[in-house]
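Single-structure report; data block below.
Computation of the quantities below employed the complete heavy-atom set of this structure, encompassing side-chain atoms and omitting hydrogens, waters and symmetry-equivalent molecules.
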Amino acid sequence: MRFSVAAIVGAFSIALCAPSVLACEHECQVNVSRAFADKYELLSNQYFTLLNSKVEDSLFYGIPSDTLTAAERETAVKTVKDSVVGAQDAWDKTIFQTVFDTIFKDEPKFKGDCNHPHRVNQPPLGVNWTMPDCHNMDYICGNPPSICHYMPMIKTRIVKKLTGQLQASVDGDDSNVYVSFVGPALQTVLTAQPKLTPYIATLHGNLNQILETIKDDLVNFADDAQWKHEWDMEIKILLLTFP
């Protein structure tokens with residue numbers, strides 16, 4: 001079969017002029033990751049607040065009430081609670097990178113060609129993607145509608161990773177929260193209050209029990225009762241503003 005030069009040139013011109021679909025580039029990746037991370041930070045902070053509440057309620061469980069004065073007891077509890085705030089601040093700084101890596105680096109990663117097969121048309125500059133684009137972009141690639149389409153899967157991946165990291169961070173006296181934060185705070189308390197020396201094992205055990213309770217509670221992290229439905233739409237709307 002022979003093709004004329006004009007036909008070949010025409011077909012080539014059509015191919016060149018066919019609109020290509022662009023990927024979610026760096027600005028898009030950063031802002032979308034930040035949008036997810038901000039929500040998971042809110043949810044994870046609830047667990048640090050719960051940890052502090054349990055420290056206040058249970059740190060001195062099993063220790064005679066007259067061991068310390070009320071003021072000394074309050075100061076000791078505050079020392080440990082302040083360390084929990086430090087642990088929370090340190091944790092918050094890690095969430096963004098975890099979310100970013102989960103979406104754009106872990107397999108299947110949301111990168112790569114979005115033109116084969118063709119599903120959506122790239123909107124003109126200054127025009128947002130639409131919810132139908134989100135629905136139609138039904139394979140994993142690098143454009144915003146693909147991320148939008150697979151948001152439930154992305155959330156599941158993020159939650160699984162964050163839950164594992166959070167549970168590891170409070171898992172016993174060799175965990176990061178204990179070794180880097182509440183453990184040193186407890187030592188500060190013991191140094192300031194030698195009257196507590198006979199109860200070192202009790203205090204240590206109480207902190208471990210508190211951390212174990214938090215670890216168990218984390219099985220519900222970011223479940224349907226915690227994640228607000230409107231956050232999905234908020235993130236989708238942001239996502240679809242990027243070219």
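- Scanning all heavy atoms of the two residues, the minimum distance from P243 to Q122 falls at C-NE2, 3.5 Å.
- Note that the SG atom of C28 and the CZ atom of F110 stand 12.0 Å from one another [nearest 0.5 Å].
- Both M153 and M151 are assigned to one and the same hydrophobic cluster, defined by single-linkage of ILVMFWY side chains at heavy-atom distances under 4.5 Å.
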For the pair F104 and S33, evaluate side-chain contact (heavy atoms from CB on, under 4.5 Å) and give the outcome as yes or no after the intermediate values. CA-CA 9 Å; F104 299 109; S33 298; 3.5 Å; yes
What do the steps show when you test K161 against D106 for side-chain contact (heavy atoms from CB on, under 4.5 Å), and what is the final call? CA-CA 11 Å; K161 185 178 284 190; D106 294 353; 2.4 Å; yes
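- No donor-acceptor pair closer than 3.5 Å links the side chain of W231 to the backbone N or O of K39.
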With side-chain contact (heavy atoms from CB on, under 4.5 Å) as the test, would you mind laying out the steps for L238 and E234 before giving the verdict? CA-CA 6 Å; L238 171 67; E234 181 182 325; over 6 Å; no
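- At a threshold of 4.5 Å between non-hydrogen side-chain atoms, the residues D217 and Y47 count as touching.
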Please step through side-chain contact (heavy atoms from CB on, under 4.5 Å) for the pair F96 and V30, ending with a clear verdict. CA-CA 9 Å; F96 168 82; V30 167; 4.2 Å; yes
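- The neighbour count for D66 CG, taken as heavy atoms of other residues, nucleotides or ligands under 6.0 Å away, is above 12.
- Heavy atoms from other residues, nucleotides or ligands lying under 6.0 Å from CD of E74 number 12 at most.
- A side-chain N or O of N121 and one of H118 form a donor-acceptor pair less than 3.5 Å apart.
- Side chain of T94 to backbone of A90: no donor-acceptor contact under 3.5 angstrom is found.
- Between E41 and N45 the shortest side-chain heavy-atom distance falls below 4.5 Å.
- Between atom OH of residue Y199 and atom OG1 of residue T67 there is a gap of 4.0 Å, rounded to the nearest 0.5 Å.
- D223 places a side-chain N or O within donor-acceptor distance of the main-chain N or O of Q226, the cut-off being under 3.5 Å.
- Remark: Y40 engages W227 in a ring pair (Phe, Tyr, Trp, His ring centres under 6.0 Å) (not counting sequence neighbours).
- Counting heavy atoms from C-beta outward, F36 and I95 have side chains that stay 4.5 Å or more apart.
- Residues M137 and P145 approach most closely at CB-CB, 3.6 Å, considering heavy atoms.
- Distance check: F242 CZ to W129 CH2 gives 13.5 Å after rounding to the nearest 0.5 Å.
- Distance alone, capped at 3.5 Å, is enough to place a donor-acceptor pair between the T213 side chain and the Q209 backbone.
- The distance from atom CD1 of I237 to atom CD of E230, rounded to the nearest 0.5 Å, is 11.5 Å.
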Test log, rule salt bridge (charged side-chain N to carboxylate O under 4.0 Å, His left out), inputs D82 and K78: CA-CA 6 Å; D82 286 349; K78 183 178 184 303; 2.8 Å; yes
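- Side-chain atoms of D101 and Q97 form a donor-acceptor pair, as typed in the model, at a separation below 3.5 Å.
- No donor-acceptor distance shorter than 3.5 angstrom exists from the side chain of T163 to the backbone of K160, with no hydrogens or angles considered.
- In this structure, D38 pairs ionically with R34, as a charged nitrogen and a carboxylate oxygen lie closer than 4.0 Å.
- Using a distance-only test at 3.5 Å, with no hydrogens or angles considered, a donor-acceptor pair links the side chain of S146 to the main chain of Y139.
- The shortest distance between side-chain heavy atoms of H135 and T130 does not fall below 4.5 Å.
- Checking side-chain atoms of D113 against main-chain N and O of H116 turns up a donor-acceptor pair under 3.5 Å.
- Note: L42 CG to K228 NZ = 9.0 Å, rounded to the nearest 0.5 Å.
- Within the 4.5 Å cutoff, the side chain of F221 has heavy atoms near those of the L218 side chain.
- Within the model, atoms OG of S44 and CG of L162 stand 7.5 Å from one another, a figure rounded to the nearest 0.5 Å.
- Of the candidates D133, D138, N143, N136, R119 forms a side-chain hydrogen bond (donor to acceptor under 3.5 Å, both in side chains) with just one, namely D138.
- At least one donor-acceptor pair closer than 3.5 Å links the side chain of E72 to the backbone N or O of T69.
- V179 and F181 are not part of a single hydrophobic cluster, where members link through side-chain heavy atoms under 4.5 Å apart.
- Checking side-chain atoms of R73 against main-chain N and O of L68 turns up no donor-acceptor pair under 3.5 Å.
- At a threshold of 4.5 Å between non-hydrogen side-chain atoms, the residues Y150 and I140 count as touching.
- Taking 4.5 Å as the limit, some side-chain heavy atom of V80 sits within range of a side-chain heavy atom of L59.
- Residue Y61 is not grouped with residue L211 when hydrophobic side chains (ILVMFWY) are merged at heavy-atom distances under 4.5 angstrom, including chains of intermediate members.
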Using a 3.5 Å cut-off and no angle test, enumerate the donor-acceptor pairs between side-chain atoms of residues 166-178 and protein atoms at least two apart in sequence or in another chain.
{"from": "Q167", "atom 1": "NE2", "to": "K215", "atom 2": "O", "distance (Å)": "3.1"}
{"from": "S169", "atom 1": "OG", "to": "L166", "atom 2": "O", "distance (Å)": "2.6"}
{"from": "D171", "atom 1": "OD1", "to": "K215", "atom 2": "NZ", "distance (Å)": "3.2"}
{"from": "D171", "atom 1": "OD2", "to": "K215", "atom 2": "NZ", "distance (Å)": "3.4"}
{"from": "D173", "atom 1": "OD2", "to": "H204", "atom 2": "NE2", "distance (Å)": "3.0"}
{"from": "S175", "atom 1": "OG", "to": "S169", "atom 2": "O", "distance (Å)": "3.2"}
{"from": "S175", "atom 1": "OG", "to": "G172", "atom 2": "O", "distance (Å)": "2.6"}
{"from": "S175", "atom 1": "OG", "to": "Y178", "atom 2": "N", "distance (Å)": "3.4"}
{"from": "N176", "atom 1": "OD1", "to": "S180", "atom 2": "OG", "distance (Å)": "3.1"}
{"from": "Y178", "atom 1": "OH", "to": "H204", "atom 2": "ND1", "distance (Å)": "2.7"}

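- Put simply, the side chain of L190 reaches to within 4.5 Å of the side chain of L186, judged on heavy atoms.
- In terms of modelled atom types and a separation under 3.5 Å, the side chain of S58 and the main chain of V55 share no donor-acceptor contact.
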